[in-house]
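Every value quoted in this text rests on a predicted model; they were computed, and no experiment measured them. Within every chain, numbering begins at 1; the chains are lettered A, B, ... in the order of the sequence lines, protein sequences first and strands thereafter.
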Protein chains: 2
Amino acid sequence: MTTASEPKRRGRRAGGADTKAVLLDAAREVFIERGYEGATVRAIAAKAGVDAAMVNHWYGSKENLFAQAVLKLPFDPTELVKRLLDGPPEETGERIVRNFIGVWDASGGGPFVALLRSVTSHDGVATMMREFFLNNVFRRITEKLVVDQAELRAALCASQVVGMGLTRYVVRFEPFASADVEVVVGAVGPNLQRYLTGKIG
Amino acid sequence: MTTASEPKRRGRRAGGADTKAVLLDAAREVFIERGYEGATVRAIAAKAGVDAAMVNHWYGSKENLFAQAVLKLPFDPTELVKRLLDGPPEETGERIVRNFIGVWDASGGGPFVALLRSVTSHDGVATMMREFFLNNVFRRITEKLVVDQAELRAALCASQVVGMGLTRYVVRFEPFASADVEVVVGAVGPNLQRYLTGKIG
DNA sequence: GCCGTATTTCATCGTTTGTTGAAAATTAGC
DNA sequence: GCTAATTTTCAACAAACGATGAAATACGGC
């Protein structure tokens, strides 16, 4: 068996860097930049400074590497929802915008762009986005707010939030893409709030 | 010269169908379904029922075929803008939603999905989306409405509209994806209207 | 019916893709 | 220092890609 679930590290390379981790970081970068199909195993290995065969040695396949590097959530959605619900209910929309833009901006929009860039070429990315945005985040929020049409409201919020990400990080509609966080909060927040607690009929 | 800008049709094949046009339709379908990189010249030719070499014979390259089949607008933006502005200004948001959803639904979301599926793998798609949504549509609308922050308002509208498309056709957030057009109009229209003429500061 | 051109077919080229297995290099345990 | 396990390198594989050019076919003009 060479798939190496958890190496017992008998040998180690000169640089001392952990190849498996370096490979994961490089993979994340390249997947973000080029999407699943656009990212080649050789390009990932090159960015990591190792041989291409290391990918299959440490992760078995490109597919599995993608799952580890991109598909796996880097944080706990429960914590995020708690933060979004913490405060006046009538300001939930603004908090949602502030949080998402804040997190995404901090990483240059990376994780979101990675998902979107691969939503075409990799089965399961769309499912994963549904799972996250709808079931793990917005559905839980509309649940707590006790409103009618909870599912539709959640989907509406998701539509505005992913649209925000698409606009700001991928297609880059100016001046929205470069606008200050608080400008976006002031603009989008109230609309999100209407989706959450307003009249949508 | 064999690139055939406008063939003088000396010869014709048994079926009588115009290969160039058949190829264009097949290309549009496959590009929509698999994106630029995912769509192979051979798959397009197969769907058109012709040899793969026909692609290069009639269009020179896969690149050019993509431009002809997907990148080229199938309609006049000016006409669309006129339609969107025709009516009470306070209902512009609703008209925008009704029009876009109407057009997209009629084609199963095809054109929009094609753009989004290829926004990763083909240079110029993002530029083309900016050109269309911002400069050709929403920027012209906010211009006519004579409002402050016209650029930002246009970008905000674009963010909601592309988010709508992404949600309804690509990631398919339910129940939004299957909702009746008028439900979407009632839900999203007012938000779009606020982006157009409301207070966004 | 012949000729020239347009169209189509076919075989094939040169790359690039993910993946594999054997050999080489490196390190820990003793 | 020897051994065994691990990690890395290297060469190569089969498959699929876009593209090309020559040969074969179909058809209108005459």
### Message
Strictly by salt bridge (charged side-chain N to carboxylate O under 4.0 Å, His left out), give each pair with a member in residues 183-194 of chain B just once, sequence neighbours left out.
### Response
none

### Message
Can you measure Glu63(A) atom CD to dG18(C) atom P for me and round it to whole angstrom units?
### Response
12 Å

### Whole-Å gap separating C1' (dT8(C)) and OH (Tyr59(B))
16 Å

### Message
Output the rounded distance in Å from CE (Met54(A)) to C1' (dT9(D)).
### Response
8 Å

### Query
Does the distance from a Lys or Arg side-chain N to an Asp or Glu carboxylate O, for Arg83(B) and Glu79(B), drop under 4.0 Å?
no

### Task
Using atom NZ of Lys62(A) as one end and atom P of dT16(C) as the other, report the distance to the nearest whole Å.
15 Å

### Task
Take the protein atom NE2 of His57(A) and the nucleotide atom P of dG21(C), then report the distance between them rounded to whole Å.
14 Å

### Query
Closest approach of Val171(A) and Ala126(B), non-hydrogen atoms and distance?
CG1-O, 3.7 Å

### Message
Does the Lys NZ or Arg CZ of Lys20(A) fall within the cation-pi geometry relative to Tyr59(A) - under 6.0 Å from the ring centre and within 45° of the axis?
### Response
yes

### Summary
Rounded to whole Å, CG of Asn56(A) lies from P of dT9(D) at a distance of 15 Å

### Query
Is there a donor-acceptor contact under 3.5 Å linking the side chains of Thr197(B) and Gln193(B)?
yes

Distances under 3.5 Å between protein N/O atoms and the N/O atoms of nucleotides 10-15 of chain D, please, pair by pair.
unit_1  : atom_1 : unit_2   : atom_2 : d
dA12(D) : N6     : Arg42(A) : NH2    : 3.4

### Message
Considering every strand and a 4.0 Å limit on heavy-atom distances, what is the contact class for Ala39(A): base, sugar-phosphate, or nothing?
### Response
sugar-phosphate

### Query
Is it true that a side-chain atom of Arg130(B) and a backbone atom of Phe173(A) form a donor plus acceptor pair closer than 3.5 Å?
no

### Query
In whole Å, what is the span from the CD atom of Glu37(A) to the P atom of dT17(C)?
12 Å

### Task
Look at the side-chain N and O atoms of Thr19(A) and state whether any lies under 4.0 Å from the OP1 or OP2 oxygen of dT8(D).
yes

### Message
Restricting to non-hydrogen atoms, name the atom on Val81(B) and the atom on Val137(B) that form the minimum distance, rounded to 0.1 Å.
### Response
CG2-CA, 3.9 Å

#### Entry: Relative orientation of the end axes in the helix from dG1(C)-dC30(D) to dC30(C)-dG1(D), expressed as an angle to the nearest 10° (five pairs per end)
0°

### Query
Separation of Asn64(B) atom CG from dA19(D) atom P, in whole Å?
10 Å

### Query
Distance under 6.0 Å and angle within 45° of the ring axis: does Lys62(A) meet both against Tyr36(A)?
yes

### Message
If the test is side-chain contact (heavy atoms from CB on, under 4.5 Å), which one of Val184(A), Asp180(A), Val161(A) qualifies with Ile101(A)?
### Response
Val184(A)

### Task
Considering just the side-chain nitrogens and oxygens of Trp58(A), establish if one lies under 4.0 Å of OP1 or OP2 belonging to dT7(D).
no

